[in-house]
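Below: one structure, written as structure tokens.
All heavy atoms count here, side chains included; hydrogens, waters and symmetry mates do not. For this chain, numbers begin at 1 and follow the sequence in order.
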Amino acid sequence: MTINATYTLTGTDLHLTYAAESGSLDITLGDSFSPFNATHQLQSTPADHEPGTGIVLTGTIEHRSVGRGGPIVRTARLTVFLPDAPEPGSAAVELAATGAVVTSNPEAGGDAAPQYQAAGLTGTVTVPAAAPAGRF
């Protein structure tokens, strides 16, 4: 994976930006992901993987509300699948990219049924030019 690649992808009812250099993952989920429909900011480093097999990011998102018995916290696991970025060359590149997001909330309880949802992503991966090599 290229260290300073930036992914910007969208799908049905979601938008994702991942800056590989900082590990910052910003994802906005729409109404179809209720009750997690909001913008979430996560710090995520890719899971170990074989080179050329893509990037897998994982995190946890929360929804907090207040019910009759007190606070209610719902959590969901978020898994993002992205392609590997190309190695930097002499010029910056912006290439088409596809990916997927899977949310899972397997714990049923009260009024919350188990929930699993997947969405495809399309967009771009941007890689800046490599720093010139040599002595200065």
Hey, does [Y] have a side-chain heavy atom less than 4.5 Å from the side chain of [X]?
X	Y	answer
S32	T12	no
H15	T8	yes
R74	F36	yes
T79	V56	yes
L82	L57	yes
I27	V101	yes
S24	Q41	no

If I take atom [atom1] from residue [X] and atom [atom2] from residue [Y], how far apart are they, to the nearest 0.5 angstrom?
X	Y	atom1	atom2	answer
Q117	T103	CD	OG1	5.0 Å
L42	I61	CG	CD1	7.5 Å
L16	D26	CG	CG	8.5 Å

Handout entry: Option among T124, L121, I55, L25 that satisfies the side chain to side chain contact (heavy atoms under 4.5 Å, CB included) test with Y7
Key = I55
Handout entry: Residues in side chain to side chain donor-acceptor pair (under 3.5 Å) contact with T39, at least two apart in sequence or another chain
Key = T28
Mind listing the closest non-hydrogen atom pair of [X] and [Y] along with its distance?
X	Y	answer
P83	T98	CD-O, 3.0 Å
A118	V102	CB-CG2, 4.1 Å
L14	F33	CD2-CZ, 3.5 Å
H40	E62	CE1-O, 3.9 Å
L9	A97	CD2-O, 3.5 Å
Y116	S104	CD2-CB, 3.5 Å

Handout entry: Pair listing, salt bridge (charged side-chain N to carboxylate O under 4.0 Å, His left out) test, anchored in residues 90-103, at least two apart
Key = none
Exercise for the section: Give a yes or no answer on whether the side chain of E87 reaches the backbone of A130 with a donor-acceptor pair at less than 3.5 Å. Expected result: no
